[in-house]
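Here's the structure, in structure tokens; my notes come after.
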Amino acid sequence: MQTDIPEVVAEVTAAFARYEQALVANDVAVLDELFWDDPRTIRYGATEILHGYAEIMEFRASRPSVGLERTLLRTVITTHGQDFATANTTFDRNGRIGRQSQTWVRRPEGWRVVAAHFSLMAPDT
């Protein structure tokens with residue numbers, strides 16, 4: 001299995017950038033689109049544990065839509081073969097450092113997040 005095939009890295013990087021733009025703009029339709037519509041999809045957040053696409057959609061629909069801006073500090077996208085990738089990033093949101101990890105899989109409908117994690121570092125770190 002080849003790691004970091006340039007055209008696959010470019011595809012996942014574009015999907016990740018689309019996700020990031022939708023995240024800070026609170027474009028719920030795009031965020032929902034980019035998650036795999038399946039009960040096995042998982043998203044662990046700063047205060048929530050979401051199992052399944054339906055729970056993730058419900059969370060997205062009810063979360064606050066302000067204060068979502070952030071600055072990405074370091075992003076690492078690694079692909080394995082043609083259909084699997086991870087995207088990990090650290091960010092600064094209002095002076096707080098956070099981290100996000102996503103597992104992406106190429107589905108017939110395009111690249112989709114199948115597992116995600118979001119957390120914030122303790123304020124003193």
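Source: prediction; values computed, not measured.
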Answer yes or no: does atom CD of E48 have more than 12 heavy-atom neighbours from other residues, nucleotides or ligands under 6.0 Å?
yes

With the side chain counted from C-beta on, respond yes when Q82 and I5 share a heavy-atom pair under 4.5 Å apart, and no when they do not.
yes

Give a yes or no on whether L120 and F59 share a hydrophobic cluster (residues Ile, Leu, Val, Met, Phe, Trp, Tyr; joining criterion: side-chain heavy atoms under 4.5 Å apart).
yes

Does E55 reach the main-chain N or O of H51 with its side chain, forming a donor-acceptor pair under 3.5 Å?
yes

V30 reachable from V12 in the ILVMFWY side-chain graph, under 4.5 Å edges:
yes

Testing the basics here: between I56 and I42, what is the closest heavy-atom pair and its distance to 0.1 Å?
CD1-C, 4.2 Å

Between N26 and R63, does the side-chain contact (heavy atoms from CB on, under 4.5 Å) criterion hold? Intermediate values first, please.
CA-CA 9 Å; N26 200 39; R63 80 175 180 146; 3.1 Å; yes

Following the transitive rule for hydrophobic clusters with a side-chain heavy-atom cut-off under 4.5 Å over Ile, Leu, Val, Met, Phe, Trp and Tyr, establish whether V28 and F118 coincide in one cluster.
no

Kindly indicate, with the supporting measurements, whether the criterion side-chain contact (heavy atoms from CB on, under 4.5 Å) is fulfilled by F16 and E11.
CA-CA 9 Å; F16 177 84; E11 291 172 9; over 6 Å; no

Plane angle bin for W104 and Y19 - parallel if under 30°, tilted between 30 and 60°, otherwise perpendicular:
perpendicular

Test item: Y53 side-chain N/O and R40 main-chain N/O as donor-acceptor pair under 3.5 Å:
no

For F84 against V105, the heavy-atom pair lying closest together:
CD1-CG2, 4.1 Å

Step by step, would you call N88 with T75 a side-chain contact (heavy atoms from CB on, under 4.5 Å)?
CA-CA 6 Å; N88 293 278; T75 301; over 6 Å; no

So how far is it from M57 CE to R43 CZ, rounded to the nearest 0.5 Å?
14.0 Å

Donor + acceptor pair across side chains of R99, T90 (<3.5 Å):
no

Please round to the nearest 0.5 Å and tell me the distance separating atom CD of E58 and atom CG of D32.
11.5 Å

Quick test of your reading of the model: are R18 and E33 salt-bridged, counting only N-O distances below 4.0 Å?
yes

Going by heavy atoms in the side chains, are V76 and T89 under 4.5 Å from each other?
no

A side-chain contact here means heavy atoms from C-beta on lying under 4.5 Å apart; do Y44 and L50 qualify?
no

The test is side-chain contact (heavy atoms from CB on, under 4.5 Å); show your working for R60 and F35 and say whether it passes.
CA-CA 11 Å; R60 290 271 184 232; F35 271 78; 3.7 Å; yes

Same cluster or not: are I97 and L72 linked, directly or through other Ile, Leu, Val, Met, Phe, Trp or Tyr residues, by side-chain heavy atoms under 4.5 angstrom apart?
no

Could you tell me whether the side chain of T86 and the main chain of T103 form a donor-acceptor pair under 3.5 Å?
no

Indicate yes or no: at least one non-hydrogen side-chain atom of R112 is less than 4.5 angstrom from one of Q102.
no

Tell me, do R106 and V8 make a side-chain contact under 4.5 Å, heavy atoms counted?
yes

Might you point out which heavy atoms bring R93 and L68 nearest each other, and give the distance in Å?
NH2-O, 3.0 Å

Going by distance alone, is a donor N or O of one side chain under 3.5 Å from an acceptor N or O of the other, for N94 and R70?
no

Indicate the atoms forming the closest heavy-atom contact of T41 with V113, along with that distance.
CG2-O, 3.9 Å

Could you tell me which non-hydrogen atom of L23 sits nearest to which non-hydrogen atom of L31, and how far apart they are?
N-CD2, 3.8 Å

